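These values consider heavy atoms only, across backbone and side chains, with no hydrogens, waters or symmetry-generated copies. Just so you know, these numbers come straight off a predicted model, no measurement behind them.
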Amino acid sequence: PRGVLLYGAPGVGKTVMARAIAGDDISLVELRSADCTRNDSEKYVLKAFEDARKSAPCILLIDELDKITEGNDHYYMEGNDRIMKVLLQELDGQKDNSGVMVVATCNRCDFINPALLRSGRFDRIIEIGTPSLEDRIEIIRYYLSAITLEARLDTEYFGKVTSGYSGAQLECVI
């Protein structure tokens, strides 16, 4: 696919997963919503795509896409219209052999302008949910490995009582 959209609640690991897709062998260029709060924000979008093409093979990560597109007034920022036009142009200009895959994250798909979700732009839309019991236990073990405890912690029990917690919430608790 040319574009993948990862969506889900805050803290479930969408950005971490997008970065992991790049791994060690593929370049990563990031465009964050904070980069798009200036009057000339469309320049940041153009530069991100240009940098990604120069670094191909590359993952272009657009973090918090729902905050920089105009699909809903809840997150509307001045300049969203200009950003949308540039994003649509760049996504449509992507060639199958450009070596760039766009991976975007968002909390809510319904806040994204439907024009961005058209086929050929974001071909895969994947929900990232809260971790399963097994995943929570692994996340707990991972974060516990970085600290020293005076007593042993029952990670399985801790995993059970944290049902519904995101990875970020587990990290915070630990």
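- Within the 4.5 Å cutoff, the side chain of Asn113 has heavy atoms near those of the Met84 side chain.
- For Arg32, the CZ atom sits in a loose shell: 12 or fewer heavy atoms of surrounding residues, nucleotides or ligands are nearer than 6.0 Å.
- Shortest non-hydrogen contact noted between Val100 and Ala56 is CG2-CB, 4.5 Å.
- What you find for Phe122 and Leu116 is that their closest heavy atoms are CD1-O, 3.3 Å.
- When every heavy atom of Thr130 is checked against every heavy atom of Gly164, the shortest pair comes out as CG2-O, 3.6 Å.
- By the 6.0 Å contact criterion, CD on Glu156 is open, its count of non-hydrogen atoms from other residues, nucleotides or ligands being 12 or less.
- Put simply, Leu153 and Tyr142 are part of the same group of oily side chains (I, L, V, M, F, W, Y) that touch within less than 4.5 Å, one to the next.
- Under the 4.5 Å side-chain heavy-atom criterion for grouping Ile, Leu, Val, Met, Phe, Trp and Tyr, Ile83 is connected to Tyr44 within one hydrophobic cluster.
- In this structure, the side chains of Leu61 and Val29 stay at 4.5 Å or more apart for every pair of heavy atoms.
- A continuous path of Ile, Leu, Val, Met, Phe, Trp and Tyr side chains, each step under 4.5 Å between heavy atoms, connects Ile68 with Ile125, placing both in one hydrophobic cluster.
- In plain terms, the two heavy atoms of Lys67 and Ser33 that are nearest each other are CB-CB, 4.0 Å.
- For Lys160 (side chain) and Thr155 (main-chain N/O), no donor-acceptor pair under 3.5 Å exists by modelled atom type.
- Note on Ile112 and Val45: same hydrophobic cluster, where clusters join Ile, Leu, Val, Met, Phe, Trp and Tyr whose side-chain heavy atoms are under 4.5 Å apart, directly or indirectly.
- A distance-only check finds no donor-acceptor pair linking the side chain of Asp92 to the backbone of Gln89 [under 3.5 Å].
- The shortest distance between side-chain heavy atoms of Ile62 and Thr105 does not fall below 4.5 Å.
- The one candidate from Leu65, Leu31, Leu91 that meets the side-chain contact (heavy atoms from CB on, under 4.5 Å) condition with Val102 is Leu91.
- Taking all atoms of both residues into account, the shortest heavy-atom contact from Gly167 to Ile139 is CA-CD1, 4.2 Å.
- Between Met17 and Leu6 the shortest side-chain heavy-atom distance falls below 4.5 Å.
- If you take CG on Asp63 and OG1 on Thr15, they are separated by 3.5 Å, rounding to the nearest 0.5 Å.
- Thr162 places a side-chain N or O within 3.5 Å of a backbone atom of Gly159 that can act as its donor or acceptor partner.
- Proximity of Ser27 to Ile59: side-chain heavy atoms (C-beta onward) are nowhere separated by under 4.5 Å.
- Ile26 is not listed as a side-chain neighbour of Leu28, based on a closest heavy-atom distance of 4.5 Å or more.
- Salt-bridge annotation for Glu30 and Arg19: present, with a side-chain N of the basic residue lying under 4.0 Å from a carboxylate O of the acidic one.
- At a threshold of 4.5 Å between side-chain heavy atoms, the hydrophobic network of Ile, Leu, Val, Met, Phe, Trp and Tyr places Ile137 and Val161 in two separate groups.
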Practice task
Might you work through the side-chain contact (heavy atoms from CB on, under 4.5 Å) test for Tyr7 and Asn107, ending with a clear yes or no?
Solution key: CA-CA 5 Å; Tyr7 76 97; Asn107 294 332; over 6 Å; no

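- Using modelled atom types, no side-chain atom of Arg121 and backbone atom of Gly3 make a donor-acceptor pair closer than 3.5 Å.
- Rounding to the nearest 0.5 Å gives a distance of 12.0 Å between CD of Glu50 and CG of Leu60.
- Ser132 places a side-chain N or O within donor-acceptor distance of the main-chain N or O of Asp135, the cut-off being under 3.5 Å.
- Between Arg136 and Leu133, some side-chain heavy-atom pair lies under the 4.5 Å cut-off.
- For Lys47, the side-chain hydrogen bond (donor to acceptor under 3.5 Å, both in side chains) criterion is met by Asp51, not counting sequence neighbours.
- Taking the side chain as every heavy atom from C-beta outward, Val86 and Glu90 approach each other to under 4.5 Å.
- When atom types are taken as modelled, the side chain of Ser166 and the backbone of Gln169 share a donor-acceptor pair closer than 3.5 angstrom.
- The main-chain N or O of Gly8 is found under 3.5 Å from a side-chain atom of Lys14 such that the two form a donor-acceptor pair.
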